[in-house]
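In this text the structure is predicted, and so the values were computed from the model without any measurement.
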Amino acid sequence: MSLTESSAVDVARSASLASRRLATLSNSARNEALTALHAALDKNRAAILAANAKDVEAATRDTKSGNLNPSILKRLDLSKPGKYDDMLEGILNVRDLDDPVGQVTLRTLLDEGLELERVSCPIGVLLIIFEARPEVIANIAALAIKSGNAAILKGGKESTESFVAIANVVSAAIATSQVPESSIQLVITRDAVSSLLEQDTLIDLVIPRGSNELVRFVKDHTKIPVLGHADGLCSAYIHSDANVETAVKVIVDSKTNYPAACNSLETLLVQEDVLGSVFPAIAKALLDKGVSLRCDEASKATLAKALPTAKVQLATEEDYNTEFLDLILAVKTVPSIEAGIAHINAHSSGHTDIILTETRELATMFMGSIDSAGVYWNASSRFADGMRYGFGTEVGISTNKIHSRGPVGLEGLTIYKYLIRGNGHGAGDYHDGQGGRKFLHTSLPISK
């Protein structure tokens, strides 16, 4: 990994050259680099955590002074129980996945001696721009190397100490392998983002990870394709036949398991028939966990009767378009499942939405009608995660409708190319009339 203050063109060009070499390396060579990366990060744990502590200390001061969002501070701290080990485990999980490069997904016999194949291949050069989350360096390095892509990383100033410490370790580990060192580069110049976003001839994909403002800035300032999501505005709809115990568990987990995450629940839609039954139990469980409820008039009136001591705020229309990233939940009463679906499709960011019901037919209708990357039945929105999907660690979550959608792991970092093997065949040989050849277009088995 190069800690560089070179020009954006030089950074992008060296990454492009490295990507071509990396794309030809064997799976075993790439895996050996990941093994070395894991060992180096484990060996240097104390030094990295010490650097991270400096970032956390500075971010804590900025949070208290109102200059930093508390959700960023939560994402910054690597010393939280299990977080560093999860980062290390993610590298091994990626290493042990099947090779995503060179997978044949289609074979067609066009004519005798003329065969077509569609084969997976790396995208090329990735630009990842992120805030906080210092573990992203290790995650992205592992995913990029395994998928044969070069990666340029630009982190936020709030985690510079952590990034530099991790970058030095990653750089040393990669230097011991066959992977070109410039395959993974960390850029630390302040003005790097705008310059890198202009390198559309050398950089193939931008992946922003951070605030709504960051993602929108990236999308507005580049011609390079962007993979990601601006908001994680996740909603849950509770139908009239929802099981109380199931609904309480799923909603509480969706909201409180990690409120600062993009897959945390932000809006609760309550079918009016369960205002006086299922909803009060859910509300009490949420309030007991410290969640502030912002309710419409109907749900607020219900809680005033069922939980007279509960402190509930009246919701505004803007609350149903807000990603709180905190222990705050907007609540709205709807008359039917159709109204719930309409609200979600009008307000959702296309990330993850859920339904609580005991009726399969209704769940199936809901899951088919919601236009989001993830739609769940009786399950927490917090399952929207590459590790939980079995993808290994993820590069991010996409709400795009082309190429990749949802948690993006190895498969999302590959594209494909078409290969034709012939023996002097010419397109002009195929025509109607005397001497013309005919295409066979026969499907062939895909060998494993």
Side-chain angles (χ1 to χ4, degrees), residues 212 231-244 246-256 259 262-359 362-363 365-366 369-372 375-378 380-382:
N212 179 296
D231 295 300
L233 194 59
C234 304
S235 300
Y237 166 73
I238 305 174
H239 193 61
S240 56
D241 68 345
N243 177 276
V244 176
T246 299
V248 169
K249 182 178 181 180
V250 169
I251 298 302
V252 170
D253 186 84
S254 296
K255 180 70 257 185
T256 68
C262 61
N263 57 14
S264 173
L265 189 68
E266 304 293 11
T267 298
L268 178 63
L269 302 174
V270 184
Q271 205 273 336
E272 58 189 11
D273 290 345
V274 294
L275 273 181
S277 55
V278 179
F279 176 57
I282 294 172
K284 183 180 186 306
L286 289 168
L287 291 166
D288 288 346
K289 288 282 190 176
V291 178
S292 297
L293 300 180
R294 298 185 180 181
C295 299
D296 65 349
E297 291 185 359
S299 57
K300 188 174 186 295
T302 296
L303 293 185
K305 296 176 182 178
L307 302 169
T309 61
K311 295 181 180 180
V312 178
Q313 184 176 334
L314 191 63
T316 66
E317 190 61 31
E318 185 57 29
D319 287 330
Y320 303 117
N321 296 305
T322 301
E323 184 183 23
F324 298 109
L325 297 174
D326 202 352
L327 289 173
I328 303 170
L329 183 66
V331 182
K332 185 178 181 66
T333 308
V334 292
S336 64
I337 186 172
E338 290 82 6
I341 290 170
H343 177 96
I344 292 174
N345 283 336
H347 296 266
S348 172
S349 62
H351 192 295
T352 303
D353 301 290
I354 64 181
I355 181 172
L356 281 302
T357 180
E358 293 299 294
T359 304
L362 289 175
M365 181 186 79
F366 181 91
S369 301
I370 296 298
D371 187 19
S372 295
V375 190
Y376 303 163
W377 174 23
N378 291 347
S380 170
S381 61
R382 289 280 291 134

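- Look at K284 and D288 and you find a salt bridge, because one of the NZ, NE, NH1 or NH2 atoms lies within 4.0 Å of a carboxylate O, short of that distance.
- Ring geometry for Y237 against F366 counts as parallel: the plane angle stays under 30°, on a 0 to 90° scale with 60° as the upper cut.
- Taking both residues in full, the closest heavy atoms of K300 and Q313 are given as CE-C, 4.2 Å, listed atom of the first, atom of the second, then distance.
- From L269, atom CG reaches atom CG of D296 across 9.5 Å, with rounding to the nearest 0.5 Å.
- Within the 4.5 Å cutoff, side-chain heavy atoms of M365 are placed close to those of E338.
- The closest donor-acceptor contact from the side chain of K255 to the backbone of D326 lies under 3.5 Å.
- For the pair V291/L287, no side-chain contact is recorded, criterion being any heavy-atom separation below 4.5 Å from C-beta on.
- One finds the OG atom of S240 at 11.5 Å from the CG atom of L275 (value rounded to the nearest 0.5 Å).
- Note that the OG atom of S264 and the CD1 atom of I328 stand 10.5 Å from one another [nearest 0.5 Å].
- Of the possible donor and acceptor atoms, none in the side chain of T267 sits under 3.5 Å from a partner among the backbone N and O of S235.
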### Task
Go through S380 and D253 one step at a time and tell me if the side-chain hydrogen bond (donor to acceptor under 3.5 Å, both in side chains) criterion holds.
CA-CA 6 Å; S380 170; D253 186 84; 2.7 Å; yes

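- The ring pair (Phe, Tyr, Trp, His ring centres under 6.0 Å) search around F279 returns none, not counting sequence neighbours.
- Checking side-chain atoms of N378 against main-chain N and O of T357 turns up a donor-acceptor pair under 3.5 Å.
- Between the side chain of S336 and the main chain of A339, a donor-acceptor pair closer than 3.5 Å is present.
- The distance from atom CD of E272 to atom OG1 of T302, rounded to the nearest 0.5 Å, is 10.5 Å.
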### Task
Decide side-chain hydrogen bond (donor to acceptor under 3.5 Å, both in side chains) for S381 and N263; before the verdict, give the C-alpha distance in whole Å, the side-chain angles of both, and the deciding distance to 0.1 Å.
CA-CA 6 Å; S381 61; N263 57 14; 5.7 Å; no

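- Looking at heavy atoms from C-beta onward, L325 lies in side-chain contact with E266 at the 4.5 angstrom threshold.
- The residue from V331, L265, L329 that alone fulfils the side-chain contact (heavy atoms from CB on, under 4.5 Å) condition with L286 is L329.
- The shortest distance between side-chain heavy atoms of I354 and S254 falls below 4.5 Å.
- In this structure a side-chain-to-backbone donor-acceptor pair under 3.5 Å is missing from N345 to G340.
- Looking at Y320 and H343, their side chains come closer than 4.5 Å, going by heavy atoms from C-beta outward.
- Without hydrogens or angle criteria, E323 side chain to G232 main chain gives a donor-acceptor distance under 3.5 Å.
- Between L303 and A283 the shortest heavy-atom distance is CD2-CB, 3.6 Å.
- For the pair T246 (side chain) and A242 (backbone), a donor-acceptor distance under 3.5 Å is absent.
- Across H351 and C262, no two heavy atoms sit closer than the pair NE2-SG, 3.3 Å.
- The shortest heavy-atom contact between V375 and S372 is CG2-O, 4.1 Å.
- Residues Q271 and I238 fail the side-chain proximity criterion, which asks for heavy atoms closer than 4.5 Å.
- Residues S299 and K332 fail the side-chain proximity criterion, which asks for heavy atoms closer than 4.5 Å.
- Ion pairing of R294 with D319 is present here, as a side-chain N (NZ or NE/NH1/NH2) and a carboxylate O approach within less than 4.0 Å.
- Looking at every heavy atom in both residues, D353 comes nearest to S348 through OD2-OG, 3.1 Å.
- The shortest non-hydrogen separation linking L362 to I355 is O-CD1, 4.1 Å.
- Proximity of L356 to H239: side-chain heavy atoms (C-beta onward) are nowhere separated by under 4.5 Å.
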